Structure formats: structure tokens, C-alpha cells
2 protein chains.
Amino acid sequence: MSMHDRILEAAEARLRSDGYGAVSFRDLANDVGVKSASVHYHFPRKEDLGVAVVAAYTDKVFAALDLAMHATTPQDRLAGYIGVFRHALVQENAICLCAMLGAEARGLPAPVADAVRVFFQANIDWLDEALADAADKPKSPEIIAALEGAMLLANTMDSIAMFEDVASGLLSRVE
Amino acid sequence: MSMHDRILEAAEARLRSDGYGAVSFRDLANDVGVKSASVHYHFPRKEDLGVAVVAAYTDKVFAALDLAMHATTPQDRLAGYIGVFRHALVQENAICLCAMLGAEARGLPAPVADAVRVFFQANIDWLDEALADAADKPKSPEIIAALEGAMLLANTMDSIAMFEDVASGLLSRVE
DNA sequence: GTTTGTTTACCTATCAGTAGGTAGACATGC
DNA sequence: GCATGTCTACCTACTGATAGGTAAACAAAC
């Protein structure tokens with residue numbers, strides 16, 4: 001993998017666990033084995049790095065969601081959607097990047113905050129389409145809020161069960 | 001108000017908008033009109049301040065919830081619970097302190113993270129009691145996750161409507 | 001195929017600014 | 001006189017960012 005991509009990967013991990021303000025160029029440089037000036041070579045300013053990480057994260061999530069959109073029933077598509085978040089929480093052992101950055105939204109450089117809003121709006125659009133032909137269903141922001149909150153709560157309380165409570169509650173409300 | 005309490009109040013506001021890592025003794029000192037050394041006099045280390053803010057916030061929230069517990073129906077009690085969060089979001093124009101700190105949980109000093117967990121567990125216990133005699137209802141972690149996520153989403157997207165979508169979705173599921 | 005110029009990807013060194021934190025002087029009030 | 005609260009002055013560590021240099025890769029010209 002290129003140094004550029006290795007930095008992106010290390011930055012995503014640190015952003016998701018520590019938040020924007022707590023990530024430093026030096027820590028990232030240590031993570032990938034270069035000096036901090038070299039990180040600046042690839043991402044001149046911190047906000048350049050922030051925007052790039054959110055964009056790459058958005059691409060990664062929607063690549064997974066594109067597969068989930070092919071399921072035949074609305075409930076299966078919602079199950080696929082939930083699965084993407086569950087994977088982020090359980091396999092990657094961290095909350096959603098945009099939950100972390102959303103919390104910090106007011107203190108983020110504008111281009112980074114904008115990228116986070118793009119992520120959430122794309123999620124709303126995806127859910128609107130995926131559940132278009134479901135009879136009775138929660139609104140898309142309800143679903144996103146429930147899952148982002150569930151990740152946050154499960155992470156804080158160290159309890160995957162709390163995430164699963166939310167997941168099954170959502171699934172029971174569709175179709 | 002005492003300087004001690006003025007610092008607590010300023011710290012709560014800054015913690016809720018910027019997060020633990022982004023709050024500095026200098027900023028707080030400026031907020032209340034003293035020097036940073038004087039803030040250290042009242043709260044020797046940053047984690048002392050963090051714990052004190054979370055404890056004061058927890059007291060404040062549960063003082064409001066104690067009133068809501070007196071409502072006669074489970075649905076009214078849930079409406080009261082939601083009202084406390086709505087007030088925090090709309091009147092105080094910030095997300096819940098413990099949503100912010102929960103996101104950062106992994107990077108917090110242990111005593112601060114513990115105080116956040118105490119807050120959430122107390123919320124679970126309150127809801128369990130308030131909705132004990134409701135026939136069909138979401139689990140307590142579902143309700144908390146939905147509301148914390150709703151604050152986060154509404155804050156990021158600058159849309160109170162998204163919070164209200166979640167609030168009415170929750171209310172429709174009780175009794 | 002060797003010289004020449006350019007680019008890529010790093011480095012060391014340093015900057016001004018800010019972080020949390022401390023020591024000790026000074027004022028106020030009991 | 002002593003406790004309380006605030007101050008000035010300072011420390012070390014770290015922040016994002018920049019300047020300037022270098023080794024290797026690559027391309028073009030001859």
C-alpha cells in the first residue's frame with residue numbers, strides 16, 4: 001500500500017478512537033514509520049487530511065451498501081444496512097467516523113464538517129431508496145440516529161448487547 | 001454564583017461544544033475572567049474538572065427527571081424524558097455532555113469515563129422504572145441511543161426536525 | 001548510454017503558539 | 001496569624017506548520 005493510503009488508514013483509526021482534535025501529525029507519522037513533515041507532504045494541512053479521511057470512509061461505507069441494496073425485500077436491505085454499522089463497531093472496534101466527527105462538528109474546519117454532512121445526507125438518501133416500498137417504516141433520520149447512538153452507547157458502556165437491542169428494535173419495525 | 005460554579009458552568013458549555021481534548025484551562029479562565037492558575041486552584045488537574053462537570057450535569061439532568069417521573073402514564077413520563085433532552089438541544093444549543101464524552105470515551109481519563117458510564121446507567125435505570133408498567137415498549141438502551149443519536153444528527157445537520165422525527169417515533173411506540 | 005533536468009518522497013531543524021501544570025508573591029477577611 | 005483565593009511568572013511537552021536539503025527515480029537530449 002502507498003504511504004498516502006497508509007496514512008489515511010492510520011488517520012481513520014485514530015480519528016475514530018480519539019477525535020479530530022486529539023489526532024496529531026506526529027502520532028500518525030509514528031504509526032506509519034515516517035516523520036511528521038512527511039505526513040504534511042501528503043496532506044499539507046490538517047483539514048486536508050480530515051476531508052480525505054471522511055471521503056475515503058464514505059467511499060468504503062457506500063461500497064458495502066451498494067451490495068446491500070441488491071437484497072430483495074426492504075427488511076433485508078435494512079438488515080444489510082445495519083450489518084455495515086455492526087461490522088464497523090464489532091470488527092473495527094470503534095464507533096462510526098462520522099459519529100465521532102459529528103459530535104465535534106462545531107469545532108471542525110468547515111470543509112471537514114461539510115464532508116461529514118455529505119456522509120449523513122447520503123445515508124438518508126440510501127435509506128429512502130432502500131425502504132421506498134416498505135409499508136410501515138421509521139423515517140431515515142430515525143434509523144441513522146438509532147444506529148449512531150447505539151454505537152456510541154455500546155462503545156461507552158462496552159456492551160455489544162446494547163447495539164443489538166437497537167438493531168432488532170429497528171428490524172421489527174419494517175414491513 | 002461562586003467562582004467554582006462559574007468555572008463548572010463554562011466548562012460544561014465548552015465540553016459540550018468542543019469535547020474534552022479541546023477544552024483548555026486558559027479558555028475557561030478567560031470565560032470567567034480569571035487566570036488559568038486560578039482554575040487550577042479550584043480543579044487541580046483536568047480530570048478533576050472533567051469528573052466534577054459530569055457529576056454536576058448528572059445532578060442537573062436528574063433533578064429535571066425527578067419531576068417527569070411524577071407523570072401518571074408511561075407515555076407522559078417518556079414525553080418528560082424526551083423533553084429534558086429536547087431542552088438540552090434546543091435551549092442550550094448543544095448535544096448532551098455525555099454524548100460528546102461518550103464519543104471520546106476511549107481517550108478520556110478513567111475517572112471521567114467512569115462518570116459518563118454512571119450517567120448512562122442511571123438513565124437506563126430511570127427509564128426501566130418510568131416505563132415499568134407499559135405494555136409494549138422499546139428497551140431503555142434503545143430509547144437512550146435514539147435520543148443521543150438524534151441530538152448528534154440534529155446538531156451536525158443543523159436540523160431540529162430530525163430530532164423531532166426521532167422523538168415522535170419513540171412516543172408512538174409506548175402504550 | 002550517459003549526461004541533464006525534474007519530480008517524488010522523504011529527511012532534519014526550527015518556528016510560534018498553546019497545552020497542562022507548578023511555585024511563590026500578594027491581597028483579603030476571619 | 002492564618003486560611004482563602006487570586007495573581008505573576010515560569011516550566012516542560014507538544015501542536016500544526018514551514019524552510020531547506022537530499023537521495024533516488026524517471027524522462028529527455030545528445
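Note on naming: letters A, B, ... go to the chains in the order of the sequence lines (proteins, then strands), and numbering restarts at 1 for each one. A quick note: this is a predicted structure, and the numbers were derived from the prediction, not measured.
- Counting heavy atoms of neighbouring residues, nucleotides and ligands inside a 6.0 Å radius, atom CG of B:Asp136 does not exceed 12 of them.
- In this structure, A:Ser38 has no side chain to side chain donor-acceptor pair (under 3.5 Å) partners at least two apart in sequence or on a different chain.
- Crowding of A:Glu164 atom CD: a count of heavy atoms from other residues, nucleotides or ligands under 6.0 Å exceeding 12.
- A heavy-atom distance below 4.5 Å is not found between the side chains of A:Leu171 and A:Ser168.
- Remark: A:Asp158 engages no residue in a salt bridge (Lys or Arg N to Asp or Glu O under 4.0 Å) (not counting sequence neighbours).
- Atom CG in A:Leu49 sits about 14 Å away from atom C1' in D:dA17, given to the nearest Å.
- A heavy-atom distance below 4.0 Å to DNA chain D is reached by these residues of residues 13-41 of chain B, ordered by number: B:Val34, B:Lys35, B:Ala37, B:Ser38, B:Tyr41.
- The only member of B:Leu28, B:Leu49, B:Val53 that meets side-chain contact (heavy atoms from CB on, under 4.5 Å) when paired with B:Phe43 is B:Leu49.
- Distance A:Ile7 CD1 to C:dA9 P: 11 Å, rounded to the nearest Å.
- Residues satisfying the side chain to side chain donor-acceptor pair (under 3.5 Å) test with B:Glu12, not counting sequence neighbours, are B:Arg16, B:Lys60.
- Remark: C1' of C:dT22 and CZ of B:Arg45 are 14 Å apart, rounded to the nearest angstrom.
- Annotation for B:Gly21 and B:Lys46: closest pair O-NZ, 3.8 Å, computed over non-hydrogen atoms.
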Report each atom pair, protein N/O against N/O of nucleotides 26-28 of chain C, whose distance is under 3.5 angstrom.
none

Might you list the N or O atoms of the protein lying below 3.5 Å from N or O atoms in nucleotides 22-26 of chain D, with each pair's distance?
none

Checklist line | Verdict with supporting geometry, A:Asp133 and A:Arg77, salt bridge (Lys or Arg N to Asp or Glu O under 4.0 Å) | finding: CA-CA 11 Å; A:Asp133 54 343; A:Arg77 289 193 284 274; 3.2 Å; yes

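- The minimum heavy-atom distance between B:Pro141 and A:Met162, with the atom names listed, is CB-CG, 4.0 Å.
- Taking side-chain N and O atoms only, B:His42 has no distance below 4.0 Å to OP1 or OP2 of D:dT4.
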